[in-house]
Each structure stands twice: as structure tokens, then as C-alpha cells.
Amino acid sequence: MYNIFGSDPAYTSSLFSRNQYRQDVKAYKVGGTYTIIKGLKVLGSYANYGKSKTVNSSGWTPTTDAYEVDVCLKYKPDNAWDLRLCNAIRSSEYDSYGDAERKMNHIRVIAAYTF
């Protein structure tokens, strides 16, 4: 399946990409926004990607639901600037295998200027 731009739609959609190649999953995502003051917002979301029946290339079977928690502080002082500080915490459905923890804590700082 390809989108209107001729590329894989799973590349740009987090919820879709986490489930496109996994067998028999149910997923949901909830989110919200809170305005602190004009131009300053907190955005948050929680996505549960379910536990699939997919066996990976190492022969592991999923043991738990995969999930993602996103929190973002957005500051937009005017129409030209958009500044964001975001944190995403993600876990794998294969988290309990081996010694390595299969979780990610990802922090991003984004500055966008529209001209």
C-alpha cells in the first residue's frame, strides 16, 4: 500500500507504523492539549500498540503490550516561530527478553521558522 506521494504510509504515521507489519493487534491512542498561557501549551498522548502474535527473526514471541508516552511543551510566540521540547518514552512488546532493556527515552528540541 502506498500513499498519494508514492511512499510507504507507515513511514510517517507512528500508530500505523507500529502495527502495519505485526500480526493480529489492536491499538489505540489518546491525547490532549492544555494551554498554560497564550502561546504556551503542553501536549500529551498515550498510545498502546497491543501485543501481537508476530514472532521476530530471533524467534521471540511478544510478552507484553508495546506502548508510547509523548509529552511536549510548545511555545509559539508569533506566527513565524514554533519552538518545542518533546519527550517520548517507548517500550517494545519484546521487552522481557535477554539482558537488554527494550525501552527508549527520546528527547527532541525543535525550532521552526515560517517565512
Side-chain angles (χ1 to χ4, degrees):
M1 174 191 294
Y2 290 97
N3 64 20
I4 59 171
F5 306 107
S7 61
D8 186 344
Y11 180 76
T12 58
S13 174
S14 176
L15 190 64
F16 185 54
S17 64
R18 290 290 298 260
N19 290 294
Q20 181 181 20
Y21 307 110
R22 297 168 58 219
Q23 180 183 3
D24 193 25
V25 292
K26 292 183 173 83
Y28 64 91
K29 184 174 185 176
V30 294
T33 302
Y34 178 75
T35 301
I36 299 170
I37 59 173
K38 184 178 179 182
L40 184 62
K41 294 181 180 182
V42 174
L43 300 90
S45 67
Y46 172 80
N48 185 301
Y49 300 106
K51 182 171 82 170
S52 73
K53 294 181 180 176
T54 303
V55 177
N56 74 6
S57 60
S58 299
W60 300 347
T61 56
T63 58
T64 186
D65 286 357
Y67 69 86
E68 181 174 334
V69 177
D70 293 303
V71 177
C72 195
L73 184 63
K74 176 182 175 179
Y75 179 56
K76 190 162 179 65
D78 55 39
N79 287 336
W81 284 100
D82 186 358
L83 308 169
R84 297 179 187 218
L85 173 64
C86 303
N87 180 255
I89 300 170
R90 300 176 179 118
S91 77
S92 169
E93 63 185 347
Y94 303 103
D95 191 33
S96 65
Y97 280 97
D99 295 333
E101 185 177 49
R102 287 167 182 80
K103 291 184 180 170
M104 178 173 60
N105 190 349
H106 180 85
I107 297 173
R108 302 180 296 276
V109 176
I110 303 166
Y113 180 77
T114 304
F115 55 92

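These numbers were taken from a predicted model, which means no experiment stands behind them.
- Applying the side chain to side chain donor-acceptor pair (under 3.5 Å) criterion to Tyr75, with sequence neighbours excluded, gives no partner residue.
- Residue pairs that meet the disulfide bond (SG atoms under 2.5 Å apart) test with at least one member in residues 39-87, sequence neighbours left out, are Cys72-Cys86.
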Is there a side chain to side chain contact (heavy atoms under 4.5 Å, CB included) between Leu40 and Leu73 once you walk through the steps? CA-CA 7 Å; Leu40 184 62; Leu73 184 63; 3.8 Å; yes
Derivation of the side chain to side chain contact (heavy atoms under 4.5 Å, CB included) call for Ile107 and Leu85: CA-CA 7 Å; Ile107 297 173; Leu85 173 64; 4.2 Å; yes
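- Note that NZ of Lys74 is 10.5 Å distant from CD1 of Ile110, once rounded to the nearest 0.5 Å.
- For Asp82, the salt bridge (charged side-chain N to carboxylate O under 4.0 Å, His left out) partners two or more places apart in sequence, or in a different chain, are Arg84.
- Legend: side chain to side chain donor-acceptor pair (under 3.5 Å) pairs involving residues 104-115, not counting sequence neighbours, sorted by first then second residue: Asn87-Asn105.
- By the side-chain contact (heavy atoms from CB on, under 4.5 Å) test, Asp78 pairs with Ala80, Trp81, sequence neighbours left out.
- When the side chains of ILVMFWY residues are joined at heavy-atom separations under 4.5 Å, either directly or via intervening members, Tyr28 and Leu43 end up in two distinct hydrophobic clusters.
- Side-chain N or O atoms of Asp65 include one that pairs as donor or acceptor with a backbone N or O of Lys51 at under 3.5 Å.
- Here the CD-OH distance, from Glu68 to Tyr46, works out to 10.5 Å after rounding to the nearest 0.5 Å.
- Summarising the local packing, NZ of Lys41 is surrounded by 12 or fewer heavy atoms from other residues, nucleotides or ligands at distances under 6.0 Å.
- Put simply, Val71 and Met104 are part of two different groups of oily side chains (I, L, V, M, F, W, Y) that touch within less than 4.5 Å, one to the next.
- Evaluation of the side chain to side chain donor-acceptor pair (under 3.5 Å) rule for Lys53 yields Asp24 as partners, not counting sequence neighbours.
- Residues that satisfy the side-chain contact (heavy atoms from CB on, under 4.5 Å) test with Ser52, not counting sequence neighbours, are Arg22, Val25, Thr54, Pro62, Glu93.
- When all heavy atoms of Ser92 and Thr64 are compared, the pair lying nearest together is O-CG2, 3.8 Å.
- In plain terms, the two heavy atoms of Ala88 and Asp70 that are nearest each other are CB-OD1, 2.8 Å.
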